[in-house]
Structure formats: structure tokens, C-alpha cells
Peer 1: 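Dropping a structure here in C-alpha cells format, bear with me for questions.
Residue numbers begin at 1 in each chain, while the letters A, B, ... track the order of the sequences.
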Amino acid sequence: MYRHLEHRLAQRLLECLQRRHPGVALPDAVIEQPPKVELGDFAIPIFPFAKPLRSAPLKIAEAIRAEIGQIEGIAEMQVAPPGYLNVRIDRAWMAAALAADQKPPAAIPPGKILVEHSSINPNKAAHIGHLRNAILGDTFVRLLRFAGREVDIQNYIDNTGVQVADVVVGFTHIEKKSRADIEALTRQPRFDYYCWDLYARVSQWYAEDKQNLQARLQTLHAIEDAASDTAAVAELISVAVLRRHLETMDRLDIEYDFLPRESEILHLHFWDTAFAKLKESGVLTFEGEGKNKGCWVMRRAGTGKASSTTEDTGDTEEITEEDQKVIVRSNGTVGYVGKDIAYHMWKFGLLGRDFGYRKFYRYPHTHDCWISSIEGEKDHPHFGDVAEIYNVIDARQSEAQNTVIEALRGLGHNEAADHYTHFSYEMVALTPRCAAELGYTLSEEDKARSYIEVSGRKGFGVKADDLLDQLIASAKKEVDSRHPQVSDPERLQIATQIAIGALRYFMLKYTKQSVIAFDFKEALSFEGETGPYAQYAVVRATSIFRKAGADPETFCKDAGSVGASDLAKNLIGEAANEIWELWLASSKTSYVIDQSIATTEPAYLAKHVFQLAQLFNTFYHRHPILSEPDEKRKQFLLATVAVVRRELIRTLAVMGITVPPVM
RNA sequence: GCGCCCUUAGCUCAGUUGGAUAGAGCGUCUGGCUACGAACCAGAAGGUCGGGAGUUCGAAUCUCUCAGGGCGCACCA
């Protein structure tokens, strides 16, 4: 509702000014919130209009106030020095709409959106860095779906790269395991943990003797031949680890629709098709000399002149060696960026080829996750060919991402490039204290740092499942002591919901560009600005209704529970400001979700959820509800609780957080 | 060397398109449970928004500059 009113206000303001001053070019009106509720609900700074209208801000504000006329949902306007127009919402009108859960129609842009996230190398257990990626991506998907968009979720699997090859080397060269041995191991629980340790050992083994790196090269080469035994082993390992990753993410209610794999990009000749187009369009040039002799290269993103300033002749200008990105190596093999270009052409439906598909993993509620395959099943959903994409990939890969975008531009697909968003975020590192707790010896230099980067190669990091286990155990202890009368399975269920709430909120409360310095103490906290804080507010609200013998879901819909006159009586006036703030905050769900999408910043939603919960807790303490003697007043207070509860549950759900019945 | 990002309270971070007195959480100190559950609330202390210059009616926010930190810049992914 808040969003709707804001739009209406902006539109009417513009109309009013245009009527008064026909033909004058005016800046867009900025609508913000006043620092205090006492001042009003919207504040419009009039200063930007002073110059073009050659008049004092206060005078203009006064004129608008007098001439804008009646606006539905707006009660009054006040001019405030030095030049604001403060607008008050018609509180009873807004509250009635909110109580009835009215949703004004919003224009939904057409076209499907593809969100790619997680994309964990299938060679070892997922760690906290991967959790940040998956939680950001999954939350963004939920934001888009809340806004009415159709979304496909993809998780790109690099199953033919060095990382998988390294673990294969570990099994075959260090542990000398047979294919049957490995197959047996993959059936063990948490096979990904086994690989985590083995991967670290392999890195160690390479460091011991550079000759050992020969094994990596041979293995890497053998994997590319789909018929080889090595390829079969790699497939065995990568599929088993991938399955573990899906299980881990499933614990957090994170699901995928499709898992495109690099092996299919290779074997279904996506690259060959892309390569031909890239050569034809001149995006790729062949280097005849220099250090990149024999390679096909393109200009690295962000180097050289902007494409718009180059002459239209399209001559392939010389790219200095420094600015060259090798796409095809001199031995004829294609690198990661090249495969990514082909993949992204496919995403936008620009390649003219498709994957084979088969079912891979079934989520509860009969949702299937599909995986790429060479042959594939006859009937399958249609993937790719989308209007917009978001790639949740950490900030370190921004240059590679931009190179892919530039390749699309070079191919003439500007529209696709414009709808390609690198959803960039910073890594999760460990505080020195946390690293020490994990048993790592730190150099003096490291101790002085504010954070230390995790390293899969060294086996240095916090595994996702371990963190979840710890969170659940910690929450379980609390629930056990608070609710001894509840059955153990139920207590575990509650503890799990709390753990997920804590984890997801923790990963979402930081803005994307902030490096998270991970610390168990903070991550395991259930107090203050945390998920459980918000969950607790809902539990309290639910509890009130339980004791009142009413259903919070239907309370407001039941006709006559709270009449318009009661809303007005309880909401209008200075004394009601505090409760009104709570209603106002509850009205902002769509507004905040729009902002989060437009800025690709889920933290904005997290902040809002916390603020709403905080306002509710304050209200809760100040206003005893069940003991309220005035029955009409009591009904109003209950309606307030019902509305806040509904919006908290809604916004938490967008963050992937559910609320237990008690906690 | 080039490119991107960061520097706000003791610590960890918000601060949306430049707007009214810069905000949270944690920690510290002081209070509040005969309960609509204290995983909570009230209050206190704590800030030259890294330094400097500029643009503007107005700058934590934009520009320039200096200092400090991080991350990229492979025929790796």
C-alpha cells in the first residue's frame, strides 16, 4: 500500500506542477520519509524546484499544498521550513486497506528470469562462502517471485575442471583406489567430507614434488575423453558430491530447477557453435606472434577505449598483449571464459543448440531438479531462452563476467548484454580468532588482519553442514530447557527452524560489498539483530491470539471485527503515533521488496524485517492486550498484532525463514 | 603499474535517488519478569563519518587529491 500511495503522490505532484507551469522542464520529485512520524509520512524536498520555477521553496510548497486537491489516501499536507512539503497519510483509510490485505495491482514486466547461483565445484564439501552465495541467490529468487516474476534457478556445475581432476588424482594416485572402491565410498554418508580432506592432501602432495603435477595434467586430459575410465571415475565423484551439495542446500530450503554441466557444454559442441560466431563477428582475433602466439584472444573487459567511442568501421584494432584475454589456447582447447560465453548465449536463446535433460533430484512436494545430459529424456521442461539473467558470483570474478558481457555485445546482442546482471558479492572470510579456534596456527601478520580468507585447497574453512549442525545443536539446547513438555522430535523441528533463521539472517544482514568476517560467536547468536529475534516477535503475536482464542489468519477478514471508526479513533492523534508507525512499517512490504530487487540488495529487506520486529516488540511491552478493558480498543490492538504478524511472516518467507509455533 | 571495492561509536555494520538533530546490533554501566513467554524492553555513556580541497541552498553520500586496507589483472576456474 505504501508503494502504491507513493506512486500516486508523485504523479499528482507532477501533474500539479505541470498545470501551474506549462512547458517548464522540471526535475523528478524525490519522495522520502521524514525523520520523525510527528512530521508526517512522506516528505518532499521542494528545493530542486526553486531554480527552474524561480521561486522560493516555501512559496512553491504552499502553492502545491493549496492546489493539488484531494488525493485518495492522503489526509493533509504541511509546509515545513526550510522547504519541505510534509504529507500525512489518511491513517484510517490505510489501516482498513491493510487489515483487508488489499493489494493494488502492479505492472509486472513480461519475460522469464534466470538466476544462476551456488555453482560449487563438485569436488569437496560446501563451506560458508558457498552458503552466502546460495542464500543470496535463493533470497533473490524469492524476491523476484514475490514480485510476480517467473524465475528459473540454475546451478552451474564445473565437472571437468582442475578441481575435480585433483580429487580424482587423490583417489587414483595417492590412495590407489579402484573404481569399485570409490563407488563404495560415494555411498558413505558425507562423502563430500572425505573429498574435502583428500583435496587438501592432494594440494600438499603437489607442493611436495612438482613432478606430481604431471598426474593432474594427465587426469585433466583423460577426463575430457568421455569414454575413458578416468572420466567415469570423475563422473562418479562429481555426481556424488553434487548430490551432497543439493542435500546440504535442501536443509536450508534452497532448491534448483536445472543443473547445466560443463561436460555437456563440451560434448554437445556448444563451444564449436559459439566459436564460429565469435570468429565471424570479429570478437575473437588470432594472435600470430608474441606471448599469446597461436591463441584466439579477445579484449579484456574494462581495458582500452569504450566501444561507443570507436569508429564505426569495425576494424579489428590491435589489442596490446596486456589487454588480451586468451579464449582458445594454442593447443586448441577452450578456457573457462569461452565456455561461459557459449553457456550465456544458450541462456538467452542465441546459440541454436540445447542440452539433453534428465531428472536428477526430487524435492519434497514433487518438484524435480533436472540435470544436463547428452541423451536426455523425451519430455522435459523448457530451460534457457530467457529475457533477463542474474549471476550470483563473487566479486573476484567480475572481470571474467564483464568479458562475457562484452562478448555478447561484440556479437551484436546488446539487449541481452543489457539484461545480464552480475550479482556480485564479497567473500566470507574468518576472523583470526575463529581460525585459531579451528586449530590453525597463524603468522603474526595474519593475527593482525581483520580477516583471513578461507582456502579449499588447504582444507581451511568451515563446512556448511558442520555449521548447520552446530546451529541446530545450540538452538536445541535452548528449546529443550524452555519447552520440556514438547516432544523431542518437535523440539528438533523447532531448533532446526531457529537455526536456519539464524543462518539465513546472518548471511543476509550484511550488504553484498561487505566482506563477512565469520565468527562462531556472532553466527551462533540468537539475540539482537538476528533471525530468531524476528521469529520470536511472530511467536509472541501467535501466542497472544492463542490465549485470546482467536485465529490471527482470519481475524481481520472477519467482518466487523474492527470498524473504520474504531481505526480512526485509535490511530489519529499524537498519542497514537507509536502504533501508527507500526502500521506504516507493515504497509511497506511491496515497497521494500521493489527496492531490494532494483538495487539487487537483499540486506535491505533484512533490515526492514528487523525494524518491523523491533517496533512490534516495543509495542508489545507498552500495550497489554489481553487485559485491555475497553473491548473496542482490544479488538483494534488485536488487529494491529494480526497485521504485523502477517507481514513479518511474509517478509521472513521471502528470506527463506519460517516461524515455529513456539520457541 | 592498471582496474574494481572499502575506510562511519570500543567491536561488527546500516545509512536507498545528495536533504531536517548521523543510526542499529554487540560489548560496558543502570533498571525492568506474580508472563499477552526476558531469545524481550527502558535508560546512560560512546562519533573531527580516514585527512584535505571543491561542487551545491544543502555532502557520510557527488568530483579531485593524499593516506591506509582488500580483491582482480594465467594458454586456472
Peer 1: Tell me the interatomic distance from A:D28, atom CG, to B:rU16, atom C1', rounded to whole angstroms.
Peer 2: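 From A:D28 CG to B:rU16 C1': 16 Å.
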
Peer 1: Can you tell which of B:rC40, B:rC36, B:rA42 lies closest to the side chain of A:Y536?
Peer 2: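 So the nucleotide nearest the side chain must be B:rC40.
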
Peer 1: Give a yes/no answer on whether the side chain of A:K51 brings an N or O atom under 4.0 Å of OP1 or OP2 in B:rC57.
Peer 2: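 Answer yes for this pair, as a side-chain N or O of A:K51 is under 4.0 Å from OP1 or OP2.
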
Peer 1: Consider the side chain of A:K521, meaning its heavy atoms from C-beta on, and name the nucleotide among B:rA39, B:rC26, B:rC41 that approaches it most closely.
Peer 2: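 It is B:rC26.
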
Peer 1: Could you check whether the side chain of A:S330 and the base of B:rC75 have a donor-acceptor pair of N or O atoms closer than 3.5 Å, going by distance alone?
Peer 2: yes

Peer 1: Considering only atom C1', compute the distance from B:rG25 to B:rA14 and round it to an integer number of Å.
Peer 2: 10 Å

Peer 1: Where the side chain of A:Y451 is defined as all heavy atoms beyond and including C-beta, which of B:rA20, B:rG70, B:rC40 is the nearest nucleotide?
Peer 2: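 Of all the options, the side chain of A:Y451 is nearest to B:rG70.
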
Peer 1: Can you tell me the pairing partner of B:rC13 across any strand shown, Watson-Crick or G-U wobble, with both distances under 3.5 angstrom?
Peer 2: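 Result: B:rG23.
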
Peer 1: Which residue, A:F526 or A:E262, contacts RNA chain B at a nucleotide closer to its 5' end, judged by nearest heavy atom?
Peer 2: A:F526

Peer 1: Any strand counts, and the cut-off is 3.5 Å on both contacts for Watson-Crick or G-U wobble. Which nucleotide pairs with B:rC4?
Peer 2: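 Per the H-bond distance test, B:rG70.
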
Peer 1: Distance criterion of 3.5 Å, no angle test: do you see the side chain of A:N617 paired donor-to-acceptor with the base of B:rA38?
Peer 2: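 Absent.
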
Peer 1: Considering only side-chain heavy atoms of A:E522, which listed nucleotide, B:rA24, B:rU12, B:rA20, is closest?
Peer 2: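 The answer is B:rU12.
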
Peer 1: Of the nucleotides B:rA77, B:rG72, B:rC41, which one has an atom closest to the side chain of A:R396?
Peer 2: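 So the nucleotide nearest the side chain must be B:rG72.
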
Peer 1: May I ask which nucleotide in the shown strands pairs with B:rA44, Watson-Crick or G-U wobble, both distances under 3.5 Å?
Peer 2: B:rU28

Peer 1: Would you check, one step at a time, whether the test side-chain hydrogen bond (donor to acceptor under 3.5 Å, both in side chains) holds for A:D41 with A:Y2?
Peer 2: CA-CA 10 Å; A:D41 304 307; A:Y2 183 89; over 6 Å; no

Peer 1: Compare the minimum distances between each of B:rA20, B:rU21, B:rG70 and the side chain of A:K36, then state the nucleotide with the smallest one.
Peer 2: B:rU21

Peer 1: Can you tell which of B:rC13, B:rU17, B:rA24 lies closest to the side chain of A:F610?
Peer 2: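 It is B:rA24.
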
Peer 1: In the strands shown, is B:rA35 matched to any nucleotide by a Watson-Crick or G-U wobble pair with both distances under 3.5 Å, and which?
Peer 2: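 Its partner: none found.
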
